[in-house]
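Comments concern the structure below.
Lettering of chains follows the sequences in order, A, B, ..., and the numbering in each one begins at 1.
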Amino acid sequence: SQKIEQNSEALNIQEGKTATLTCNYTNYSPAYLQWYRQDPGRGPVFLLLIRENEKEKRKERLKVTFDTTLKQSLFHITASQPADSATYLCALDNTGGFKTIFGAGTRLFVKA
Amino acid sequence: DAGVIQSPRHEVTEMGQEVTLRCKPISGHNSLFWYRQTMMRGLELLIYFNNNVPIDDSGMPEDRFSAKMPNASFSTLKIQPSEPRDSAVYFCASSSQGTDEKLFFGSGTQLSVL
């Protein structure tokens, strides 16, 4: 069966450290993978998109890697801040871009 | 642009009643998605439209759920009759598929069925 797995346990880190979140998938062949941030009571907000032919993508303090052999994406937040505390969702397309499926998300807590 | 607009923000209803959720996508976007989010099941895709046409409704849980998109600027998700297990946050999202795949989400409708 198709699965998108993110660490269900919350990730607690100290301010200034790098947070690394994992997204694994099975029985999908996505053309791209996306990461979103969700704050309580709000809808998800797009952060980064990485395509299948890209190994790495960066945006300010964010970095995403995509390994289609391992079927895994890693999401890094460097120099983390308490304001980075949120739930982070990975998402991938199922049929060429129209059908976007989300993982359950990982809750990140950054302590000052 | 005001972003994706959903209404109502909160809905409390009794079991058996009809519920209609509304969504106005971002102008110019050609795809619209309805998702449901619960603690147990996360963010589930219910149905998506492309150019106002329903493409895949395999995520719609039962016949009690229906969705329409009569024009490019409006969509509804209807539950009739509603049941307590339908309680969840319902999100609408839109995108410009083919040029930019990222989704823009509304603020959601918190539905409580008593």
More than 12 heavy atoms of other groups within 6.0 Å of B:Glu62 CD: yes
B:Leu45 vs A:Ile101 side-chain heavy atoms within contact, under 4.5 Å: yes
Student check: side-chain heavy atoms of A:Leu49 and B:Glu101 closer than 4.5 Å: yes
Over 12 non-hydrogen atoms of neighbours within 6.0 angstrom of CZ in A:Arg42: no
Minimal non-hydrogen separation, A:Phe46 against B:Leu103, with atom names: CB-O, 4.2 Å
CD (A:Gln14) with more than 12 external heavy atoms under 6.0 Å: yes
Over 12 foreign heavy atoms within 6.0 Å of CD, B:Glu18: yes
Shortest non-hydrogen contact between B:Ser58 and A:Lys99, atoms and distance: OG-NZ, 3.3 Å
Part of B:Thr38 lying under 4.5 Å from any heavy atom of chain A: neither
Region of B:Phe104 in contact with chain A, defined by heavy-atom distances below 4.5 Å: neither
A:Leu89 side, atom CG; B:Leu43 side, atom CG - distance, nearest 0.5 Å: 6.5 Å
Minimum side-chain heavy-atom gap A:Pro44-B:Gln37 below 4.5 Å: no
Flag if over 12 foreign heavy atoms under 6.0 Å of CG, A:Asn53: yes
Flag if over 12 foreign heavy atoms under 6.0 Å of NZ, B:Lys68: no
In one Ile/Leu/Val/Met/Phe/Trp/Tyr side-chain cluster, 4.5 Å: B:Tyr35, B:Met69: no
Ring centers of A:Tyr36, B:Phe91 separated by less than 6.0 Å: no
